[in-house]
Amino acid sequence: MTSTLERPGTRTPARPPRQRRRRRGRPNLPAGVASLLWLVIIALPLYVLLVTTLQTRDAYFDRGGLSVPTDPTLDNYRKVLDSSFFTYLLNTAVVTVACVALVLVLGVCVGYAVVRARGRGAQRLFQMFLLGLAIPAQAVIIPVFLLITKLELYDSLLAVILPTAAFALPVSVLILAGSMRDIDEELYESMALDGAGPVRILLRLVVPMSRTGISTAAVYTALQAWNGFLFPLILTQSPESRVLTLGLYDYVGEFRVDVPALLAAVVLSVVPIFAVYLFARRQLVDGLMGAGGR
């Protein structure tokens, strides 16, 4: 029985294309099962949320949230819209827009100073903002309350805007500084040779080239402001200053909870910020992955 030896440098014959196609087309069963399980985990709470809003309060307590409503109704949404929902929505929108504007103006300036300044002062400033990441809002809520009271801002939207923007600023500075570091040094030098000053470089070069980081900081700040609960709870009192997160308490009583109306209010309050996320989701992912502004 003779055996054939391959010569050095010779290649083994390639597999037929049919075999390669079969191997590539083989289904990945574990990945499919895991994906289906993850879909169920994500879809089940959304199903319960939406289905419950289409039931009456009595039907919800009789059948539960998993049952398909036999007589769907939109009365829960009408009940929410006929209440003070639009006042809470307007207050939340004002707080969110003001926080985003304040954080972007300060964050862009601080990030630009950190990236372009050569002295130790800029690095100390950046380290101070990084230290702010380690301080939770719950740890300083009493000093913040005393400060807001001394400034006579208690029970106003400004009392919510200032601390919310302050606690969103460290992460935004970190994102914006990382985005600005991705800009080529030659671009800075070329604009400086053309006679551009720091303000012109900031407005004409840094801001356009850092649009991904700016979008990321804007979406992050908007999410923090829209979903904020601690500062509105501690720093406001009157119904005229309530935001959506506090307005949900209108459907929670001492002896009863109107679950369908409560979840209808949750759905209506989520729609605006979800639309903002869908509009800027690509910039948000790119900015968090450090893709820069290009």
Side-chain angles (χ1 to χ4, degrees), residues 12 14-56 59-74 76-77 80 89 92 96 100 133 136 168 170-172 174-176 178-179 182 210-229 244-245 248 251 257 259-294:
T12 57
R15 295 178 180 176
R18 183 174 300 178
Q19 293 183 4
R20 291 201 300 267
R21 286 196 297 268
R22 288 179 179 177
R23 175 163 293 186
R24 291 178 183 176
R26 185 178 301 173
N28 191 344
L29 186 58
V33 173
S35 301
L36 182 60
L37 180 61
W38 181 251
L39 179 62
V40 171
I41 294 175
I42 296 298
L44 185 59
L46 294 177
Y47 168 79
V48 174
L49 176 65
L50 295 176
V51 166
T52 303
T53 61
L54 301 177
Q55 301 185 53
T56 62
Y60 169 77
F61 284 107
D62 290 339
R63 304 189 188 96
L66 293 176
S67 61
V68 179
T70 57
D71 189 14
T73 178
L74 297 177
N76 296 310
Y77 293 97
V80 173
L89 180 64
T92 306
T96 302
V100 171
L133 297 174
V171 176
S172 300
L174 182 64
I175 294 172
L176 292 170
S179 178
D182 291 338
S210 303
R211 59 184 180 274
T212 301
I214 292 175
S215 300
T216 304
V219 175
Y220 171 79
T221 304
L223 290 173
Q224 296 297 313
W226 192 273
N227 298 322
F229 178 76
L244 286 173
T245 51
L248 299 179
Y251 309 100
V257 179
V259 178
L262 175 63
L263 295 184
V266 170
V267 172
L268 292 176
S269 63
V270 166
V271 170
I273 197 65
F274 184 68
V276 173
Y277 171 76
L278 290 180
F279 179 75
R281 67 185 185 278
R282 185 173 182 179
Q283 289 82 358
L284 177 64
V285 174
D286 290 343
L288 292 177
M289 293 179 64
R294 291 170 290 180

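For clarity, every value in this text was computed on a predicted model and none was experimentally measured.
- Within the model, atoms OG1 of T96 and CD1 of I273 stand 6.0 Å from one another, a figure rounded to the nearest 0.5 Å.
- The distance from the CG atom of D62 to the CD atom of Q55 is 9.5 Å, given to the nearest 0.5 Å.
- Around the CZ atom of F274, the shell of radius 6.0 Å holds no more than 12 heavy atoms that belong to other residues, nucleotides or ligands.
- Of the possible polar contacts, none joining the N76 side chain to the T56 backbone as a donor-acceptor pair under 3.5 Å is found.
- Among residues two or more places apart in sequence or in another chain, the side-chain hydrogen bond (donor to acceptor under 3.5 Å, both in side chains) test is passed with S35 by none.
- Using a distance-only test at 3.5 Å, with no hydrogens or angles considered, no donor-acceptor pair links the side chain of S210 to the main chain of G213.
- At least one donor-acceptor pair under 3.5 Å links the side chain of S269 to the backbone N or O of V266.
- You'll find the side chain of L54 stays beyond 4.5 Å of the side chain of T73, heavy atoms only.
- Side-chain contact between P272 and L89: present, with at least one pair of heavy atoms (C-beta onward) separated by less than 4.5 Å.
- The two atoms that bring L244 and T92 nearest to each other are N-OG1, 2.9 Å, heavy atoms only.
- Legend: residues meeting side-chain contact (heavy atoms from CB on, under 4.5 Å) with P136, ordered by chain and number and at least two apart, are Q138, A139.
- For the residue pair L46 and I42, the shortest heavy atom distance occurs at CG-O, 3.6 Å.
- Two residues are said to be in side-chain contact when any heavy atoms from C-beta on lie closer than 4.5 Å; S172 and T221 meet this criterion.
- Distance check, rounded to the nearest 0.5 Å: CG of L49 to CG of L44 gives 11.0 Å.
- With a 4.5 Å cut-off on side-chain heavy atoms, W226 and T245 do not count as touching.
- Under the side-chain hydrogen bond (donor to acceptor under 3.5 Å, both in side chains) criterion, T53 pairs with Y77, sequence neighbours left out.
- Residues V80 and Y251 meet the side-chain proximity criterion, which asks for heavy atoms closer than 4.5 Å.
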